[in-house]
Novice: 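So that we are looking at the same thing, I have put the structure below in structure tokens.
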Amino acid sequence: MSSYCIYLEVEPYLKQWFINDMGNEHPVSLIRNSAESDIVRRWLTILPPEKSLPVGNPDMLAIYMPSYSELDSSKLYYLPTAALKLLKQCIRNRFVIEMWRDLNDFGFIGFQKQDVIYAWLEQHGIDITETNFNAVQKIYQRKRNTYIKVKKRKKLPKFKSKK
């Protein structure tokens with residue numbers, strides 16, 4: 001593990017979720033062989049002499065730069081802009097998958113969806129704010145609408161009654 005970090009500008013709810021998901025420490029240490037770690041390993045590049053290491057601010061998601069046995073530890077590495085975008089997309093995709101899996105559960109029939117979302121936010125270390133709630137609710141609703149549209153497009157076979 002290196003002492004310098006990768007910095008990502010992400011929404012507050014996503015930052016809080018990822019920190020919680022990775023063990024509640026910030027800067028985050030990536031789990032070996034995780035999707036995020038694989039992206040970093042694949043796209044790490046030696047820092048050119050004309051560039052300096054990126055500097056983050058407290059609002060950004062900080063991830064310790066992992067060390068890999070196949071890389072020369074005497075050199076500085078960084079993630080290019082396009083690779084940072086891939087890493088951010090990976091984190092967001094995992095968030096959406098987990099949110100959808102947890103919130104789209106038949107066990108919640110009969111409960112107000114907003115109460116379920118608030119409970120989910122709390123369970124995943126996300127601050128209970130109107131902004132965070134609205135963001136998660138919109139993501140959930142868009143995903144739900146997508147599945148409803150797909151279901152409506154599929155025509156169910158018509159059954160003939162036997163008389």
Novice: Is any side-chain heavy atom of Phe18 less than 4.5 Å from a side-chain heavy atom of Ile63?
Specialist: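 Side-chain contact under 4.5 Å: yes.
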Novice: Looking only at atom types and distance, does a side-chain atom of Thr45 sit under 3.5 Å from a main-chain N or O of Trp43, one as donor and one as acceptor?
Specialist: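 Yes: the side chain of Thr45 pairs with the backbone of Trp43.
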Novice: Excluding sequence neighbours, so at least two apart, what forms salt bridge (charged side-chain N to carboxylate O under 4.0 Å, His left out) with Arg41?
Specialist: Glu70
Novice: Mind jotting down which residue pairs meet the salt bridge (Lys or Arg N to Asp or Glu O under 4.0 Å) criterion with at least one end in residues 7-31? Sequence neighbours excluded, please.
Specialist: Asp21-Arg94
Novice: Any link between Phe95 and Ile97 through a network of hydrophobic side chains (Ile, Leu, Val, Met, Phe, Trp, Tyr) touching at under 4.5 Å?
Specialist: no
Novice: I want to check something: taking the side chain as every heavy atom from C-beta on, are Leu103 and Val116 in contact at a cut-off of under 4.5 Å?
Specialist: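 SC-SC contact between Leu103 and Val116 confirmed.
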Novice: Verify the cluster assignment for Tyr4 and Leu87: are they in a single hydrophobic cluster under the rule of side-chain heavy atoms below 4.5 Å apart?
Specialist: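 Looking at the clustering, Leu87 is in the same group as Tyr4.
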Novice: Using every non-hydrogen atom in the two residues, find where Leu44 and Leu79 come nearest and quote the distance to one decimal.
Specialist: N-CD2, 3.8 Å
Novice: For Cys5 and Tyr64, work out which heavy atoms get closest and say how close.
Specialist: SG-CD2, 3.8 Å
Novice: Please check if any side-chain donor atom of His124 sits under 3.5 Å from a side-chain acceptor atom of Glu98, or the reverse.
Specialist: yes
Novice: Quick one: do Tyr77 and Lys75 satisfy side chain to side chain contact (heavy atoms under 4.5 Å, CB included)? Show the steps, please.
Specialist: CA-CA 6 Å; Tyr77 293 88; Lys75 296 185 179 173; 4.1 Å; yes
Novice: Starting from the C-alpha separation in whole Å, work towards a yes-or-no answer on side chain to side chain contact (heavy atoms under 4.5 Å, CB included) for Tyr118 and Lys113.
Specialist: CA-CA 9 Å; Tyr118 279 123; Lys113 189 53 77 177; over 6 Å; no
Novice: In Å and rounded to the nearest 0.5 Å, what is the CD to CD1 distance from Glu36 to Ile91?
Specialist: 5.5 Å
Novice: Do side-chain atoms of Asn20 reach the backbone of Gly23 as a donor and acceptor pair under 3.5 angstrom?
Specialist: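 Answer holds: no.
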Novice: Measure across Val40 and Pro66 and return the closest heavy-atom pair with its distance rounded to 0.1 Å.
Specialist: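 Taking Val40 first and Pro66 second, the nearest heavy atoms are CG1-CD, 3.8 Å.
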Novice: When you group the ILVMFWY residues by side-chain heavy-atom contacts below 4.5 Å and let the links chain together, are Leu8 and Leu86 in the same group?
Specialist: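 Yes.
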Novice: Which is it for Asn93 and Gln89 under the side chain to side chain donor-acceptor pair (under 3.5 Å) test, yes or no, and what are the steps along the way?
Specialist: CA-CA 6 Å; Asn93 288 343; Gln89 287 173 341; over 6 Å; no
Novice: Decide whether Leu76 and Tyr7 are clustered together by the hydrophobic rule: side chain heavy atoms of Ile, Leu, Val, Met, Phe, Trp, Tyr closer than 4.5 Å, transitively.
Specialist: no
Novice: Under a 4.5 Å cut-off applied to non-hydrogen side-chain atoms, are Asn132 and Gln16 in contact?
Specialist: yes
Novice: When you compare the side chain of Trp100 with that of Ile139, does any pair of heavy atoms fall below 4.5 Å?
Specialist: no
Novice: Take atom CD in Glu122; do more than 12 heavy atoms of anything else shown fall under 6.0 Å from it?
Specialist: no
Novice: Please report the shortest heavy-atom distance between Cys90 and Ile39, naming the atom on each side.
Specialist: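 Shortest heavy-atom separation between Cys90 and Ile39 comes out as CB-CD1, 3.4 Å.
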Novice: Is the shortest heavy-atom distance from the side chain of Trp17 to the side chain of Trp120 under 4.5 Å?
Specialist: yes
Novice: Can you find a heavy atom in the side chain of His26 that is under 4.5 Å from one in the side chain of Leu61?
Specialist: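 Yes, side chains in contact.
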Novice: Among all residues two or more places apart in sequence or in another chain, which pass the ring-ring contact (aromatic ring centres under 6.0 Å, His included) test with Tyr78?
Specialist: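 ring-ring contact (aromatic ring centres under 6.0 Å, His included) list for Tyr78, sorted by chain: empty.
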Novice: Report yes if some heavy atom in the side chain of Thr131 is under 4.5 Å from a heavy atom in the side chain of Tyr13; otherwise report no.
Specialist: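 Of all side-chain heavy-atom pairs linking Tyr13 with Thr131, none is under 4.5 Å.
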Novice: Taking all non-hydrogen atoms of both residues into account, name the closest pair between Ser74 and Asp72 and its distance.
Specialist: OG-OD1, 2.7 Å
Novice: Could you tell me whether the side chains of Asp127 and Thr129 share a donor-acceptor contact shorter than 3.5 Å?
Specialist: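 Judged by distance alone, the side chains do not pair up.
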Novice: As an exercise, state the distance from CD of Gln114 to CG of Asn134, rounded to the nearest 0.5 Å.
Specialist: 10.5 Å
Novice: Below 4.5 Å, heavy atoms only, C-beta onward: do Arg144 and Asn104 meet side chain to side chain?
Specialist: no
Novice: Please check if atom CD in Glu130 has more than 12 non-hydrogen atoms from other residues, nucleotides or ligands closer than 6.0 Å.
Specialist: no
